[in-house]
There are 2 protein chains.
Amino acid sequence: MARLEQETKKKKPFDLPSQEVVLNVLRSNELFQHRFGQLFREFGLTQPQYNALRILRGEGGPLPCLEVASRMIAVVPAITRLLDKLNARGLITKLQDDKDRRVWNAKITPKGLELLAKLDAPIRDMYRALCGHLTKSESKQLVSLLEKARDRVSSVTL
Amino acid sequence: MARLEQETKKKKPFDLPSQEVVLNVLRSNELFQHRFGQLFREFGLTQPQYNALRILRGEGGPLPCLEVASRMIAVVPAITRLLDKLNARGLITKLQDDKDRRVWNAKITPKGLELLAKLDAPIRDMYRALCGHLTKSESKQLVSLLEKARDRVSSVTL
DNA sequence: TGCATTTACTTTACATATCAACTATTGTCA
DNA sequence: TGACAATAGTTGATATGTAAAGTAAATGCA
């Protein structure tokens with residue numbers, strides 16, 4: 001793996017620093033996601049499915065569907081279908097709220113917890129294999145720069 | 001936008017620096033991609049479609065389908081469909097190679113070039129709006145850390 | 001020459017992202 | 001109270017990512 005120009009056989013150098021930043025983020029993501037996708041598939045999950053389960057495990061109790069969606073980047077219709085599938089597989093339950101009958105609360109099941117538990121170690125290993133070669137100081141710096149890079153996203157309008 | 005713990009209402013702090021790095025890359029990507037997706041859609045394109053067109057414009061001449069795929073991260077079947085759609089819309093042509101009849105060469109059409117040209121300015125603006133607030137030195141550092149972060153990806157095995 | 005292998009795609013099937021349009025329930029306010 | 005708006009979610013249609021299996025043409029090699 002090397003510079004983005006080489007990886008993509010780009011002919012002209014980047015003329016815009018911000019362009020180079022964005023494209024490097026996208027590229028890094030693609031590579032990381034690809035690896036995690038393979039790992040999840042071995043356990044019969046996809047990344048969004050894993051994320052939803054992880055969020056529900058982190059929460060402990062039931063969580064409205066839209067709240068799950070907002071903690072992922074997911075758009076609403078995607079969450080409906082995703083949670084329905086997890087529900088169909090018995091990894092979560094989906095129950096109508098007593099107080100507000102518009103709300104459906106998702107909750108991870110013991111079966112879901114069990115599956116997640118099996119994934120914990122391999123995922124830790126994957127994190128380390130992918131980025132464990134960065135020093136602590138580099139990691140900190142990278143995270144902090146990415147946070148700063150994301151800083152303006154919400155204020156960008158079309 | 002803020003720290004990832006707040007964005008996702010994470011309850012426990014990160015125990016693994018490499019995990020925090022990876023998750024920050026994924027999150028940044030989601031936010032950036034979301035914005036670019038909206039922009040491309042205004043012009044009737046998707047991100048992969050735009051990428052393929054951009055690669056073909058950069059190349060100038062015809063390029064085998066698989067070469068386009070390899071410069072994106074795209075898996076092969078995806079490229080077939082994608083290029084077929086661009087072809088159907090007259091944005092590229094797809095012609096069988098004379099020498100090696102297994103090969104199909106894609107080439108951007110004037111209509112495709114015209115569409116890309118309309119996107120150039122808005123995309124530049126988007127890059128700047130998203131990451132123009134980083135200083136040159138921060139951008140350089142971020143790019144270089146991301147390059148280092150990607151360094152191990154290809155050697156990670158499941 | 002002829003057959004197995006490799007290469008360059010294509011097809012199929014399933015999961016997700018996205019927008020638009022729709023249903024059901026709740027809240028607001030004249 | 002009764003209409004209108006807002007909220008929570010679902011459904012439909014199109015596009016992409018991904019694996020698996022298939023097709024067609026070129027290559028390797030006995």
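Within every chain, numbering begins at 1; the chains are lettered A, B, ... in the order of the sequence lines, protein sequences first and strands thereafter. Scope of the values below: all heavy atoms of this structure, side chains included, with no hydrogens, waters or symmetry mates. Since the model is a prediction, treat every value here as computed from it, not as a measurement.
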Rounded to the nearest Å, what distance is computed from the OH atom of residue A:Y50 to the P atom of nucleotide C:dT16?
16 Å

Test your reading of the model: is there a side-chain donor-acceptor pair from A:E20 to the backbone of A:P17, 3.5 Å cut-off?
no

Residues 75-89 of chain A side chain polar contacts: donor-acceptor under 3.5 Å, at least two apart:
| residue | atom | partner | partner atom | Å |
| --- | --- | --- | --- | --- |
| A:D84 | OD1 | A:K94 | NZ | 2.6 |
| A:R89 | NH1 | A:G44 | O | 3.0 |
| A:R89 | NH2 | A:G44 | O | 3.2 |

Taking only distance into account, with no hydrogens and no angle test, what donor-acceptor pairs under 3.5 Å do side-chain atoms of residues 115-126 of chain B form with protein atoms, sequence neighbours excluded?
| residue | atom | partner | partner atom | Å |
| --- | --- | --- | --- | --- |
| B:D120 | OD1 | B:R57 | NH1 | 3.3 |
| B:D120 | OD1 | B:R57 | NH2 | 3.1 |
| B:D120 | OD2 | B:R57 | NH1 | 3.0 |
| B:R124 | NH1 | A:D15 | OD1 | 3.2 |

Charged N-O contact under 4.0 Å between A:D100 and A:R102
yes

Send over the distance from A:D97 CG to C:dT25 C1', rounded to a whole Å.
12 Å

Can you measure B:Q33 atom CD to D:dT16 atom C1' for me and round it to whole angstrom units?
11 Å

Check the distance between D:dG17's C1' and A:Q47's CD and give it to me in whole angstrom.
10 Å

Which atom of A:C131 lies closest to which atom of A:F32, heavy atoms considered
SG-CZ, 3.7 Å

With the side chain defined as heavy atoms from C-beta on, B:L66 is closest, among D:dT11, C:dA8, D:dT18, to C:dA8

Check: B:H133 side chain, A:K148 main-chain N or O, donor-acceptor pair, under 3.5 Å
yes

By nearest-heavy-atom nucleotide on DNA chain D, the more 5' of B:L82 and A:R41 is B:L82

Please check this pair: side chain of B:T109 against backbone of B:G90, looking for a donor-acceptor N/O pair closer than 3.5 Å.
yes

Scan nucleotides 12-15 of chain D against the protein and return all N/O pairs shorter than 3.5 Å with their distances rounded to 0.1 Å.
| residue | atom | partner | partner atom | Å |
| --- | --- | --- | --- | --- |
| D:dG12 | N7 | A:R81 | NH1 | 3.1 |
| D:dG12 | O6 | A:R81 | NH2 | 2.8 |
| D:dA13 | N6 | A:R81 | NH2 | 3.2 |

Within residues 110-121 of chain B, residues whose heavy atoms come under 4.0 Å of DNA chain D:
none

What residues in residues 98-105 of chain B put a non-hydrogen atom under 4.0 Å from any atom of DNA chain D?
B:K99, B:D100, B:R101, B:R102

Would you say B:H34 places a side-chain N or O within less than 4.0 Å of OP1 or OP2 belonging to C:dT18?
yes

Under a 4.0 Å N-O cut-off, is there an ion pair linking B:E59 with B:K107?
no

Hey, could you give me each pair passing ring pair (Phe, Tyr, Trp, His ring centres under 6.0 Å) that has a residue in residues 44-64 of chain A? Not counting sequence neighbours.
A:F40-A:Y50

Round to a whole Å and report the spacing from CG of B:N29 to C1' of D:dG17.
14 Å

Using atom CZ of B:R35 as one end and atom P of C:dA17 as the other, report the distance to the nearest whole Å.
18 Å

B:K94 vs C:dA8: side-chain N/O to OP1/OP2 distance below 4.0 Å
no

Closest non-hydrogen contact found for A:R27 with B:R71 is NH1-O, 4.0 Å

Dump the intermediate steps for side-chain contact (heavy atoms from CB on, under 4.5 Å) on B:L113 and B:L91, then the final yes or no.
CA-CA 8 Å; B:L113 286 170; B:L91 300 172; over 6 Å; no

Which whole-number value in Å describes the distance from B:Q96 CD to C:dT10 P?
10 Å

May I ask you to say what A:I79 touches in the nucleic acid, namely base, sugar-phosphate or nothing, with a heavy-atom cut-off under 4.0 Å?
nothing

Examine distances only and state if a side-chain atom of A:Q96 and a backbone atom of A:R101 form a donor-acceptor pair shorter than 3.5 Å.
yes

Between B:L39 (CG) and C:dT18 (P), how many Å, whole number?
14 Å

